[in-house]
Amino acid sequence: MKRVLGLTIIAVAGAPLLIAIGVFIAAGFGWVRLDLVHLSGFRETLRAAAGRAADAAPLQLIAIVQLVSIPVGALLNGLLTFGEEVGWRGWLLPRLRSRIGTWPSLVLSGAIWGLWHSPLILLGYNFGQPNVFGVFLMVVGSVSIGILFGWLRLRSGSVWPSVFAHGALNASANLVVLFSSAGDRVDPVLAGPLGAGTWIAAAIVITALVIVGQFAPARLEPIPSPSSRTSGSALRAQRDQVDG
């Protein structure tokens with residue numbers, strides 16, 4: 001229980017941190033310009049929504065509220081992401097892992113997760129690329145994030161850390177808008193929440209977890225052996241016969 005709670009806290013804090021690191025990586029490559037002092041891009045966004053009334057708004061206070069509300073958003077979004085995570089990390093990942101191993105199952109479940117979003121991507125969501133390239137971008141983003149969500153699931157033995165990580169990810173999607181500079185068009189392919197900056201950030205975190213042994217079999221949920229699955233099936237069959 002302590003491990004589940006601890007990893008859930010790490011997930012809620014880590015998802016927005018991952019997105020923020022991705023934003024700064026994108027800025028380092030010149031893919032987006034940031035204004036961390038005046039938050040001019042955020043002001044521009046508020047002005048587009050509220051007109052000149054936005055000029056009188058306490059911008060820094062609103063930005064702080066936005067950041068502080070991310071954990072709350074993670075909990076609320078968790079109600080919406082629960083179904084996805086039960087399917088992808090709760091059901092699919094362990095079953096793939098019992099057949100093809102840990103790393104192939106992490107990659108494959110992430111790819112399937114990304115392909116599942118294809119209808120939305122082909123409507124122009126996330127990347128503004130309603131084509132095969134957009135689907136490819138979604139698959140790459142889903143694999144990179146999915147490996148981390150999968151690690152949370154296998155390290156904790158519970159789906160809850162990945163549920164709230166997913167919720168926190170969704171709650172952090174607009175961080176690049178918060179930090180961007182006015183007049184700069186943010187390219188979601190490079191600096192969006194599932195863009196190239198985030199891929200690099202995720203790769204760094206995954207590499208660090210591998211180096212410190214967090215993907216070692218002894219640290220992950222055990223893979224059921226074929227004999228235990230067979231025994232479980234036989235036991236259920238015996239129970240059915242008794243019940244009958």
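Every heavy atom of this structure was used, including side-chain atoms; hydrogens, water molecules and symmetry mates were not. Just so you know, these numbers come straight off a predicted model, no measurement behind them.
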Checklist entry - Which value, rounded to the nearest 0.5 Å, describes the distance between L39 atom CG and E44 atom CD? => result 12.5 Å

Checklist entry - Where the side chain of R155 meets the backbone of Q214, is there a donor-acceptor pair that is under 3.5 Å apart? => result no

Checklist entry - W199 side chain to S144 main-chain N or O, any donor-acceptor pair under 3.5 Å? => result no

Next on the checklist: Run S118 and L115 through side-chain contact (heavy atoms from CB on, under 4.5 Å) and show every step you take.
Outcome noted: CA-CA 5 Å; S118 295; L115 288 171; 4.2 Å; yes

Checklist entry - Should V107 and V139 be counted in the same cluster of Ile, Leu, Val, Met, Phe, Trp and Tyr side chains packed under 4.5 Å apart? => result yes

Checklist entry - Does one hydrophobic cluster hold both I100 and L106, with members joined at side-chain heavy-atom distances below 4.5 Å? => result yes

Checklist entry - Taking the hydrophobic residues Ile, Leu, Val, Met, Phe, Trp and Tyr, and joining any pair whose side-chain heavy atoms are under 4.5 Å apart, which ones share a cluster with M1? => result none

Checklist entry - Under the salt bridge (charged side-chain N to carboxylate O under 4.0 Å, His left out) test, which residues partner R47, sequence neighbours left out? => result D55

Next on the checklist: Quick check against the 3.5 Å criterion: does Q129 have a side-chain atom that pairs as donor or acceptor with the backbone of G124?
Outcome noted: no

Checklist entry - Is there a side-chain contact between S105 and L108 (heavy atoms, below 4.5 Å)? => result no

Item to check | Closest contact, heavy atoms only, A201 versus I21 | outcome: CB-CG2, 3.8 Å

Checklist entry - Cluster question for you: counting only ILVMFWY and a side-chain heavy-atom cut-off of under 4.5 Å, with indirect links fine, are L194 and F136 together? => result yes

Next on the checklist: Do I200 and F29 have side chains that approach each other closer than 4.5 Å (heavy atoms only, starting at C-beta)?
Outcome noted: yes

Next on the checklist: Could you walk me through whether L46 and L59 satisfy the side-chain contact (heavy atoms from CB on, under 4.5 Å) test, starting with their C-alpha distance in whole Å, then the side-chain angles of each, then the deciding distance to 0.1 Å, before giving a yes or no?
Outcome noted: CA-CA 9 Å; L46 291 179; L59 193 64; 3.6 Å; yes

Next on the checklist: For a quick test of reading the model, state the closest non-hydrogen atom pair linking T8 to V4 and the distance between them.
Outcome noted: OG1-O, 2.7 Å

Checklist entry - For the atom pair CD1 (I70) and CG (L75), what is the distance rounded to the nearest 0.5 Å? => result 12.5 Å

Checklist entry - salt bridge (charged side-chain N to carboxylate O under 4.0 Å, His left out): which pairs involve residues 124-153, sequence neighbours left out? => result R153-E221

Item to check | Nearest atoms (heavy-atom pairs only) where S40 meets D35 | outcome: OG-OD2, 2.7 Å

Next on the checklist: When you compare the side chain of I112 with that of W116, does any pair of heavy atoms fall below 4.5 Å?
Outcome noted: no

Checklist entry - Could you state the interatomic distance from CG (L93) to CH2 (W88), rounded to the nearest 0.5 Å? => result 12.0 Å

Item to check | Full working for side-chain contact (heavy atoms from CB on, under 4.5 Å) between W151 and I147 | outcome: CA-CA 6 Å; W151 172 77; I147 290 174; 5.7 Å; no

Checklist entry - Any donor and acceptor pair, going by atom type alone, linking the side chain of S180 with main-chain N or O of V177 inside 3.5 Å? => result yes

Checklist entry - Taking atom CZ of R95 and atom CG of L92, what is their separation to the nearest 0.5 Å? => result 9.0 Å

Next on the checklist: Using side-chain contact (heavy atoms from CB on, under 4.5 Å), reason through I25 and I204 one step at a time and then give a plain yes or no.
Outcome noted: CA-CA 11 Å; I25 288 174; I204 292 171; 4.2 Å; yes

Next on the checklist: How close do L148 and A202 get, counting heavy atoms only, and between which atoms?
Outcome noted: CD1-CB, 4.1 Å

Checklist outcome for this item: The reported gap from CG in L7 to OG in S162 (rounded to nearest 0.5 angstrom) is 10.5 Å

Checklist entry - According to the interplanar angle, ranging from 0 to 90°, do the rings of W113 and H117 count as parallel (below 30°), tilted (30 to 60°) or perpendicular (above 60°)? => result perpendicular

Could you pull out every donor-acceptor pair under 3.5 Å between side chains of residues 163-176 and any protein atom, sequence neighbours left out?
{"unit_1": "H166", "atom_1": "ND1", "unit_2": "E85", "atom_2": "OE2", "d": "2.7"}
{"unit_1": "S172", "atom_1": "OG", "unit_2": "A168", "atom_2": "O", "d": "2.6"}

Next on the checklist: Restricting to non-hydrogen atoms, name the atom on A191 and the atom on V186 that form the minimum distance, rounded to 0.1 Å.
Outcome noted: CB-CG1, 4.1 Å

Next on the checklist: Can you tell me how far apart CH2 (W91) and OG (S109) are? Round to the nearest 0.5 Å.
Outcome noted: 11.5 Å

Checklist entry - In the single-linkage hydrophobic clustering (I, L, V, M, F, W, Y; side-chain heavy atoms under 4.5 Å), do I10 and V72 co-cluster? => result no

Next on the checklist: I'd like to know whether the aromatic ring centres of W103 and F215 sit less than 6.0 Å apart in this structure.
Outcome noted: yes

Checklist entry - Listed by chain and number, what are the ring pair (Phe, Tyr, Trp, His ring centres under 6.0 Å) partners of F127, not counting sequence neighbours? => result none

Next on the checklist: Please give me the minimum heavy-atom distance between P193 and I19, naming the atom from each residue.
Outcome noted: O-CD1, 3.3 Å

Checklist outcome for this item: Across all chains, not counting sequence neighbours, the side chain to side chain contact (heavy atoms under 4.5 Å, CB included) partners of L34 are V23, F24, A27, V32, L36, F179

Checklist entry - Are F133 and L122 co-members of a hydrophobic cluster defined by side-chain heavy atoms under 4.5 Å apart? => result yes

